[in-house]
There are 2 protein chains.
Amino acid sequence: MSELEPPVPAATVARLPLYLRCLEALDAEAAPTVSSSHLAALAGVNAAKLRKDLSHLGSYGTRGVGYDVGNLMGEIRRELGVDETSPVIVIGLGNLGQALAKHGGFAGRGFPIVGLFDIDPNKIGQEMDGLIVQHLETVANTIAATGGHTAIIATPPDAAQVVTDQLIAAGITSVLNFAPTGVVVPDGVALRQVDLAVELQILSYYRPERVAERDAGRDRNLSAATS
Amino acid sequence: MSELEPPVPAATVARLPLYLRCLEALDAEAAPTVSSSHLAALAGVNAAKLRKDLSHLGSYGTRGVGYDVGNLMGEIRRELGVDETSPVIVIGLGNLGQALAKHGGFAGRGFPIVGLFDIDPNKIGQEMDGLIVQHLETVANTIAATGGHTAIIATPPDAAQVVTDQLIAAGITSVLNFAPTGVVVPDGVALRQVDLAVELQILSYYRPERVAERDAGRDRNLSAATS
DNA sequence: TAGATTGTTAATCGATTAACAATC
DNA sequence: TAGATTGTTAATCGATTAACAATC
């Protein structure tokens, strides 16, 4: 009989990295255990939600005590699949691509950058952070040599789909797209898309001056409706 | 009697920039109108969800015809509050900060970068993309001169909270935090946090090989339960 | 044991979706 | 008018939360 593996809700999966980051900070302070209310406060979420999230992992704390920090880190890493490192390649060495390539935060969290690719002859051959930029055509070699199956796309928008198709043909199965355009991938390939300008646009909606205006409008309506 | 302003659900707000981006692409091709099913396909969402989202704006299409592309762009921009440009400042000119500062995608979508700030004497005075890096202490001057109320934090994690506090004291009311650590802001300040490594971690959970394993596990359990 | 805190229940809330009447 | 497509309804689904029995 195989073990029961209930699916973890998408909303929970999206929060696990946040919990992991908070646990790593606690671990750096040598905190042995943490309660759900403490960890929830660090992560900025409701304590009941945190406990519910963790219950999906089958990772149990100790009643009356809390969670063992090292233990819980291990369980979250295992569930996310970041308990071993995953080599990553970056395609498109413009401003953003170069910044991502040099960004220490990826390697430090299990995602070492092992290859840089572009199609611009002026970029190919340049060294960046210990790696030589190679032509995209040679990407299959790097995939074979490193076992990496994850690619970060940082090309101009009009190249993103073509590049994605080439990467998938070369064996990439996980794609993180930073180009400000959607790309489509076949079944069997994982995809996430991040558009940095979108974050500013969402922030714009929640600008305090606008929130206050909307609230005032609703208050007026409410008064009108009830008086 | 004031107009009714029903609140727009958070899930809808988060999708409006995506629709806007698709509409801008259609507009560039001079498409005059678009149906909900076409726009939904471009955005990768369900057509019913798209129509429901748009219905929250009070922005109406024409039955039998579809939505006027230019019109709908205007209504989404107005709802998001991106119908006029919002100047933005960047704090922390490391790899990521420099990339964000030079990134044309912000200015092109209504968020011109108008100030660069750091506390590193080696960075202050340097020119980047037409702007001189200034000391963070002088940020209030730029805020006053430009009317900008939005800041992008790209400092090391241990500086993020201090810098955020200084910015808020200087008049910033919207913060987009790229530092891989949470920051807290008082009421009346809008905040969004983006952690690039988190995206890779979430992608890791949905890696096709792992999805297949989990599905297989569930199939086995299902068979065991039903046989 | 007494105090503390988990894991789970059940109620509530919000988001998604298919279906279709309204209507251009 | 006939065909097409919206805007809305209502059912379903998933996520959140408070409360508390279980238990360390």
Side-chain angles (χ1 to χ4, degrees), chain A residues 4-19 22-23 26 31-73 75-76 79 202 205-206 214 218, chain B residues 4-19 22-23 26 31-73 75-76 79 202 205-206 214 218:
Chain A
L4 198 72
E5 296 179 31
V8 180
T12 296
V13 171
R15 283 187 293 265
L16 291 179
L18 174 62
Y19 302 150
C22 296
L23 287 165
L26 286 168
T33 60
V34 64
S35 67
S36 62
S37 54
H38 185 195
L39 184 53
L42 290 175
V45 304
N46 180 294
K49 185 194 281 185
L50 170 70
R51 289 200 298 278
K52 180 118 220 178
D53 282 342
L54 296 182
S55 75
H56 292 299
L57 308 192
S59 93
Y60 298 141
T62 308
R63 287 166 204 245
V65 178
Y67 299 88
D68 181 273
V69 170
N71 215 43
L72 189 53
M73 281 172 53
E75 293 192 20
I76 293 178
E79 188 65 40
I202 298 174
Y205 182 85
Y206 293 108
R214 281 190 295 263
R218 265 194 294 286
Chain B
L4 198 70
E5 296 180 29
V8 179
T12 296
V13 171
R15 283 188 293 264
L16 291 179
L18 175 63
Y19 302 152
C22 296
L23 287 165
L26 287 168
T33 60
V34 64
S35 67
S36 63
S37 55
H38 185 195
L39 183 54
L42 289 175
V45 303
N46 181 294
K49 185 193 283 185
L50 170 69
R51 289 199 299 275
K52 180 118 218 176
D53 282 342
L54 296 183
S55 75
H56 292 299
L57 308 193
S59 93
Y60 298 140
T62 308
R63 288 169 204 241
V65 178
Y67 299 89
D68 181 273
V69 170
N71 214 43
L72 190 53
M73 283 173 52
E75 292 191 20
I76 293 178
E79 188 66 40
I202 298 174
Y205 182 86
Y206 292 109
R214 281 191 295 264
R218 264 193 294 287

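Numbered from 1 within each chain, the chains take letters A, B, ... in sequence-line order.
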Residue pair Ser37(B) / Ala47(B): nearest heavy atoms and the distance that separates them:
CA-CB, 4.0 Å
[X] [atom1] to [N] [atom2], straight-line distance once rounded to whole Å:
X        : N       : atom1 : atom2 : value
Asp68(A) : dT5(C)  : CG    : C1'   : 15 Å
Arg51(B) : dT5(D)  : CZ    : P     : 11 Å
Lys49(A) : dT9(C)  : NZ    : C1'   : 18 Å
Leu16(A) : dA15(D) : CG    : C1'   : 15 Å
His56(A) : dT9(C)  : NE2   : P     : 12 Å
Leu57(A) : dT8(C)  : CG    : C1'   : 15 Å
Lys52(B) : dA10(D) : NZ    : P     : 11 Å
Leu54(A) : dT5(C)  : CG    : P     : 16 Å

Closest nucleotide among dA15(C), dT16(D), dA18(D) to the Ala11(B) side chain
dA15(C)
With respect to the side chain of Arg63(B), which nucleotide from dT23(C), dT6(C), dT16(D) is positioned closest?
dT23(C)
Is any side-chain heavy atom of [Y] closer than 4.5 Å to one of [X]?
X         : Y         : answer
Tyr67(A)  : Met73(A)  : no
Leu42(B)  : Leu26(B)  : yes
Ile202(A) : Tyr205(A) : no

Checking all strands, does Ala48(B) fall into the base, sugar-phosphate, or nothing category for heavy-atom contacts under 4.0 angstrom?
base
Please confirm whether the shortest side-chain N or O distance from [X] to OP1 or OP2 of [N] is below 4.0 Å.
X        : N       : answer
Tyr67(B) : dG7(D)  : yes
Ser36(B) : dT6(D)  : yes
Tyr60(B) : dT5(D)  : no
Arg15(B) : dT16(C) : yes

Assign each of Gly64(B) and Ala10(A) the nucleotide of DNA chain D bearing its closest heavy atom; nearer the 5' end lies the nucleotide of Gly64(B)
Across all strands shown, which nucleotide pairs with dA15(C) by Watson-Crick or G-U wobble geometry, both distances under 3.5 Å?
dT12(D)
If we call it a pair only when both distances are under 3.5 Å in a Watson-Crick or G-U wobble match, what pairs with dC24(D)?
dG3(C)
Quick one: pull up OH in Tyr19(A) and CG in Leu50(A) and give me the separation to the nearest 0.5 Å.
5.0 Å
